[in-house]
Amino acid sequence: KINKITRYSSIALALIQSIGICVSLNGAIVSGYQNMAWFCYIVIGVVLSAGSALAIWIGERITERGIGNGISLLIFIGIVSRLTDQKGFDLIAYVMEEMLSQDAMQVVVLGTGEERYENMFRYFDEKYPGKLAANIYYSEDLSHKIYAASDAFLMPSLFEPCGLSQLMALRYGTLPIVRETGGLKDTVEPYNEFEQTGTGFTFTNYNAHEMMNAVRYAERIFYDKKRDWNHIVDRAMAADFSWRVSAGQYQQMYDWLIG
C-alpha cells in the first residue's frame, strides 16, 4: 500500500512531465531545435517508466510483508496495539464484520493480547484475505512499516493517560482515528471541514457505531476530498509535541506565577 509514496512521487513526475513538454514544444517551434522535442520525450519516458517500476517494486515488498495486496487505491487503516479491552477492541469486534463487508477499506493489525481478540482477527484474516491482514505477534520493524504505509491509524481507547502510537502516526502523516480521551484528546485535533483545521478524526462516546461513523467520515474525506485529506496530512506531520514545546509552555507558566 503506497498511497502516500505515490501521491508525492506523482506530483514530482507531473511537474517533470510538464516542464519536459513545454521544452519539447519550444524546441519544435524554434528553427533548428526540432531534435529537442524528441530528446524531451525520451527523458519523460525514462522518468515515468522508472517511477512506475519503483512503485511496483515497493508494492511487491509491502505485499511480501503481508501488509496488503501490493498497490491499492483503498484506504489503508493500521492498528498496532495490545489487543485488550482498554484499547477499545470490544468496539472494533462489534462492528468489524459490518465494516469489512460493506466498506472499501483494507486493515492491517499487529499485536498480541487477549485470546478472543487474537482469534477474532485470525478469523477475519481468513474470511477477508484481501481486506484484513492479521499479524498476531510484535515486530518493531513491521510496526514502523505499518505506521508509514497506512493512510489512517485506528486507536479507539477506553482510556489513554498519554498514548504514543497516535504521536508516531502523526509524525508519519498517518491520520489518527481516536476516541476523545486522555492523551488522545490532548494531541489529536479533530478535523473541521468548514474551518479546514485538524490533524485527525475523533469520536466522543465509547460506542461502537460512533467509532464506525468516525471511520466512515475519514473514508469519505479520503475518497471524495483528497486535497483536504492531503492538507490534514501536512498539518499532522507539522504537529510538534517535543520537549522544546513543553518546556516553553512550562516557562510561560512559571513566568506568570512569579508575576
Side-chain angles (χ1 to χ4, degrees), residues 1-15 18 51-52 54-55 58-59 62 67-80 88 92 95 98-100 102-109 130-133 143-156 163 165-180 184-204 209-241:
K1 182 70 179 68
I2 58 171
N3 283 349
K4 285 185 286 188
I5 297 172
T6 53
R7 179 171 70 241
Y8 293 115
S9 63
S10 63
I11 293 173
L13 290 175
L15 179 60
S18 299
S52 299
L54 177 61
I58 294 173
I62 292 174
I67 298 178
N69 292 317
I71 300 173
S72 171
L73 298 178
L74 300 181
I75 188 171
F76 191 54
I77 298 176
I79 299 173
V80 179
I92 295 174
V95 295
E98 184 175 352
M99 289 197 297
L100 288 175
Q102 297 180 9
D103 294 27
M105 60 168 16
Q106 288 182 312
V107 180
V108 60
V109 180
K131 301 190 75 174
L132 186 142
S143 71
H144 285 284
K145 287 182 170 64
I146 292 174
Y147 282 119
S150 299
D151 297 301
F153 187 86
L154 183 58
M155 193 173 178
S165 295
Q166 83 280 9
L167 298 180
M168 289 187 281
L170 289 168
R171 181 60 64 188
Y172 275 106
T174 297
L175 303 187
I177 303 174
V178 303
R179 192 174 87 84
E180 295 178 4
L184 300 179
K185 184 176 181 179
D186 293 338
T187 55
V188 180
E189 180 185 0
Y191 170 60
N192 185 316
E193 62 182 289
F194 304 104
E195 298 179 358
Q196 287 300 302
T197 58
T199 57
F201 301 87
T202 69
F203 63 101
T204 304
H209 282 90
E210 194 168 326
M211 179 200 72
M212 185 173 67
N213 288 339
V215 172
R216 287 179 169 172
Y217 181 43
E219 291 177 33
R220 183 170 68 82
I221 301 301
F222 179 84
Y223 289 120
D224 300 338
K225 297 185 176 182
K226 203 54 176 286
R227 183 184 295 273
D228 290 351
W229 180 277
N230 292 340
H231 288 160
I232 306 172
V233 170
D234 292 339
R235 291 192 294 271
M237 296 182 73
D240 188 352
F241 297 100

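If you read the sequence from its start, that first residue is 1, and numbering goes on from there.
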**Asked** Taking atom CZ of Arg171 as the centre, does the number of heavy atoms from other residues, nucleotides or ligands within less than 6.0 Å exceed 12?
**Response** no
**Side-chain heavy atoms of Gln196 within contact of Tyr191, under 4.5 Å** = yes
**Message:** Ignoring hydrogens, what is the shortest heavy-atom contact between Gly163 and Met155? Give both atom names and the distance.
**Reply:** CA-CE, 4.4 Å
**Fill in**
For Thr202 and Pro190, the nearest pair of non-hydrogen atoms, with its separation, is OG1-CB, 3.3 Å
**Flag side-chain contact, heavy atom, 4.5 Å: Met237 against Leu170** = no
**Item:** Contact summary for Ala218 and Trp229, nearest pair of heavy atoms
**Value:** O-CZ3, 3.3 Å
**Item:** Donor-acceptor contact below 3.5 Å, side chain Thr174 vs main chain Ser150
**Value:** yes
**Request:** Could you tell me the separation between the CG atom of Asn230 and the CD1 atom of Ile221, rounded to the nearest 0.5 Å?
**Result:** 12.0 Å
**Item:** Shortest non-hydrogen separation from Val188 to Phe201 and the atoms involved
**Value:** CG1-N, 4.4 Å
**Pairwise side-chain contact, Thr199 with Val233, heavy-atom cut-off 4.5 Å (strictly under)** = no
**Request:** Could you walk me through whether Val95 and His209 pass the side chain to side chain contact (heavy atoms under 4.5 Å, CB included) test, one step at a time?
**Result:** CA-CA 7 Å; Val95 295; His209 282 90; 4.2 Å; yes
**Request:** Report yes if some heavy atom in the side chain of Phe203 is under 4.5 Å from a heavy atom in the side chain of Asn213; otherwise report no.
**Result:** no
**Asked** Cut-off 3.5 Å, side chains only: do Tyr147 and Ser165 have a donor facing an acceptor?
**Response** yes
**Asked** By salt bridge (Lys or Arg N to Asp or Glu O under 4.0 Å), which residues pair with Arg220, not counting sequence neighbours?
**Response** Glu193
**Request:** Would you check if Ile92 and Met211 make a side-chain contact, meaning some heavy-atom pair closer than 4.5 Å?
**Result:** yes
**Message:** Cation-pi check for Phe222 against Lys225: NZ or CZ below 6.0 Å from the six-membered ring centre and within 45 degrees of the axis, yes or no?
**Reply:** no
**Message:** For the backbone of Met105 and the side chain of Asp103, can you confirm whether one donor and one acceptor N or O come within less than 3.5 Å of each other?
**Reply:** no
**Request:** Indicate whether any N or O donor in one side chain lies under 3.5 Å from an N or O acceptor in the other, for Gln166 and Thr187.
**Result:** yes
**Asked** Who pairs with His144 by side-chain hydrogen bond (donor to acceptor under 3.5 Å, both in side chains), at least two apart in sequence or on another chain?
**Response** Glu140, Tyr172
**Prompt:** Do Ile177 and Tyr217 have side-chain heavy atoms sitting under 4.5 Å apart?
**Reply:** no
**Asked** Excluding sequence neighbours, so at least two apart, what forms salt bridge (Lys or Arg N to Asp or Glu O under 4.0 Å) with Lys185?
**Response** none
**Heavy-atom closest contact (Ile75 atom, Tyr223 atom, distance)** = N-OH, 2.9 Å
**Prompt:** Given side chains that start at C-beta, do those of Ile77 and Gln106 come closer than 4.5 Å, heavy atoms only?
**Reply:** no
**Message:** Go through it in stages, so that I can follow the logic: the residues are Glu189 and Arg235, the test is side chain to side chain contact (heavy atoms under 4.5 Å, CB included), and I'd like the CA-CA distance, side-chain angles, deciding distance and then a yes or no.
**Reply:** CA-CA 10 Å; Glu189 180 185 0; Arg235 291 192 294 271; over 6 Å; no
**Any side-chain heavy-atom pair of Arg179 and Thr204 under 4.5 Å** = no
**Message:** Just verifying a value: how many Å separate Asp151 CG and Leu175 CG, rounded to the nearest 0.5 Å?
**Reply:** 8.0 Å
